[in-house]
Each structure stands twice: as C-alpha cells, then as structure tokens.
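Counting begins at 1 with the first residue of the sequence.
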Amino acid sequence: MRYPLAAAALVLGFCLRPGAAEAACGAVSIAKMNWGSAAVAAQIDKIILERGFGCTVTLVPGDTLPTFTSMDTAGTPDMAPEFWINAVRGELSRATTENRLVLGAEILADGAVEGWWVPKFILDANPQIRTVDDALARPDLFPAPAQPSRGAVHGCPHDWSCQATTANLFRAFGAGDKGFELVEPATAEELEASIAAAFETQTGWLGYYWAPTAILGKYEMAKLSFGVTHSKTEWDACTTVAGCANPERNAYPTSQAFTLVTQAFTEKAAEAIDYVNRRQWSNATISSVLAWQMENRASDQEAAEFFLDSHSDIWSQWVAPSVAQKITRQG
C-alpha cells in the first residue's frame, strides 16, 4: 500500500567499466523489508550474489523510510531489493543526482496494483460485471457476513492507509445507498480469511486487495475498473484523508518499486551490476511464489530456493551462462 512516483520514473542505468569484472565483491549488506515479496527478493539476491558472484551477504531488517535514510546518510545497507520510491521521491532525486544512491531495475515489472477485486468465478457467471458500478448494482452477489440481505465491501484494518481510501471510495460511489455495508477487518489475517472462505463456499466477495501477494497467487481474482482515471489531486486532497467530507470518484494509482543500491555497491560489486540492472519479475510470478510459501509454511529462504528451482527460465536471463551454472543447486 505504497504510492507511486509521478510520471517520469528515476531510472538510472549502470555501465560496466573496463576491468570491473575482475573486482572482488566482498561483504554486501541487503535490506530485508518487512513484507512478503521484498523479503523473498532479499533472499533471492543473497543466494545469487553469494553463489554467482562470490559476495559475502548479510541480511539486515529494513523498512522504507529508515532504510532509505541509512543508505543515504551512512551508506548502509548496500542494497534494498524492492524499494518503493514514492515515499521519498524528492530526497531520492537528490541522492541519485549527487551520486550517493543509484536505481537499478524496476523489480516489479508491471508495478504493484491496488483496487477492488472480485473472484473470477463471479465474472464468469456474470459477464456483465466489469466495473465497480456494475458490482454495486448487485448486492445479492456479495452478501455481508452479518447481514446477508445486504451486500458487503471489504475494507482494511484500521492501521492500514487503505482503510481511508476504501471508506472514502465507498461513499464516493454511493455504496451504502445501493444496499452495501462496509466491512472492516480487525487484522490482515481476517481479511485473508474472508477471501479464502468465499472461494471455499463459492460465495461472492467484493473489496480491497493488492498485488503481488500470496492471496492473489493462490486465488484467481479480477480487479474491477472504477470507471475513472486516477486523479492525484483528488487522491492527495481527499481520497487518502480519513473522513474526507466530500470524496469524489477516483481510481488507485499503480505503484512502482525499484532496486536501490549505494554508490559504493556499484564499485565493490561491479561484476554484479548487470544482474541488478536486469532482475525483475511480474506480479503473477512473485505472487505464485508467495502462494507456494503460504501453502507450505515455508521460510523466505525456502521460497527463494523454490523460485530458483522452478523459474530458471526467468532468472537465467538475468546473468551470464557461466554465472547461472554456479547458482544452480547441485544434487
């Protein structure tokens, strides 16, 4: 639930310098962010940098703002594999211009996606439903758990930023007058459980979710159109403001996440720069890995190994064939 950089993304390319391939990698620290896709990405980078490039990698706990501040002011950690750039776009622009930090590949190739979703089986049975307005015209398809005679729009826990956006859009689209209740779960687990229950019982579900996530890797959901383009002005002034008096119709933005490294990393791990500049995947790919992790109650490291074992067609494109041979597990 992090929001995007405006129109022009700050994508800076790396270039290999003469003799860079011979440089020793040495010790590298990687921020392991506290959400699923970023945590697995950190483990994948650790494995590839160690096996493929001979680095000695240490994972350190991370989150967007403290990690950025530390990288910008202290030059540590060396790398943040999935860094959401909008929260610090002004500071990041200065840090890259002044050669303290460098952006690598956009790790989420199609961006992170937020919105209101329904199970695909609902659309298969009701092909006329394609937009939020279409869904809100059918409260009977999305029964509220405590009041089945009314429909439900499932929102977010109180400490999530999407609680305000969902509540404001609920009012902007007049969902209450159309026979819907706003159901706000107490926890992330409760929200996930509501989706799982809908699929188990083949009951309609309508509400907020985002990708990439394990839930959308496990369950086939479809995102509805809000029927309007995203207005950043309205978003900043009202959509994201809890209890905004007069919310207007709006759509969620598509967020962007890049790999962020320090300038020092580009020098000491020069042989790995091309990898950092190539490494990206789709929402569908990482969501499927997270779904496997959830179903198997696997650790982040086990999920990373699963990705390397099952998606060599993807990651082998990020490195030279000789490096790929080192990465592939033997036996």
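- Scanning for side chain to side chain contact (heavy atoms under 4.5 Å, CB included) contacts around Thr67 gives Ala31, Met33, Met71, Pro77, Ala80, with sequence neighbours left out.
- At distances below 3.5 Å, at least one donor-acceptor pair connects side-chain atoms of Arg150 with backbone N or O atoms of Phe180.
- With sequence neighbours left out, the side chain to side chain contact (heavy atoms under 4.5 Å, CB included) criterion links Pro145 to Ala152, His154, Val183.
- Side-chain N/O atoms of Thr165 and Asn168 include no donor and acceptor closer than 3.5 Å.
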Run the side-chain donor-acceptor check on residues 135-143: report pairs under 3.5 Å with partners two or more places apart or on a different chain.
residue	atom	partner	partner atom	Å
Arg138	NE	Asp140	OD1	2.9
Arg138	NE	Asp140	OD2	3.4
Arg138	NH2	Asp140	OD2	2.7

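- Between Tyr275 and Phe53, the angle of the ring planes lies from 30° to 60°, which puts this pair in the tilted group.
- Applying the side chain to side chain contact (heavy atoms under 4.5 Å, CB included) test to Thr58 and every residue at least two apart in sequence or in another chain returns Val60.
- Ring geometry for Trp292 versus Phe306: interplanar angle under 30°, hence parallel rather than tilted (30 to 60°).
- Each of Trp116, Tyr252, Phe170 was evaluated against Tyr208; a single residue qualifies, Tyr252, per the ring-ring contact (aromatic ring centres under 6.0 Å, His included) test.
- Checking Glu82 against Ser37 by side-chain atom types alone, a donor-acceptor pair falls below 3.5 Å.
- Minimum interatomic distance between Ala304 and Ile44 (heavy atoms only, all atoms of both residues): CB-CG1, 3.6 Å.
- Taken together through direct or relayed side-chain contacts under 4.5 Å among Ile, Leu, Val, Met, Phe, Trp and Tyr, Trp235 and Val241 form parts of separate hydrophobic clusters.
- A salt bridge links Glu305 with Arg51: the closest approach of a Lys/Arg side-chain nitrogen to an acidic carboxylate oxygen falls below 4.0 angstrom.
- The side chain to side chain contact (heavy atoms under 4.5 Å, CB included) search around Ala41 returns Pro81, Ile107, Trp281, not counting sequence neighbours.
- Asn250 and Thr239 share a side-chain donor-acceptor pair at under 3.5 Å.
- Test Tyr219, Phe199, Trp205 against Phe121 for ring-ring contact (aromatic ring centres under 6.0 Å, His included) and you get one pass: Phe199.
- In this model, a donor atom of one side chain and an acceptor atom of the other lie less than 3.5 Å apart for Asp78 and Ser29.
- In the model, Thr259 has a side-chain atom that pairs as donor or acceptor with a side-chain atom of Arg279 under 3.5 Å.
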Could you list the donor-acceptor pairs under 3.5 angstrom formed between side-chain atoms of residues 313-323 and any protein atom two or more places apart in sequence or on another chain?
residue	atom	partner	partner atom	Å
Trp315	NE1	Leu308	O	2.8
Ser316	OG	Ser312	O	2.5

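- For the pair Glu302 (side chain) and Ser299 (backbone), a donor-acceptor distance under 3.5 Å is present.
- If you run ring-ring contact (aromatic ring centres under 6.0 Å, His included) between Trp210 and each of Trp160, Trp35, Trp117, Trp84, only Trp160 comes through.
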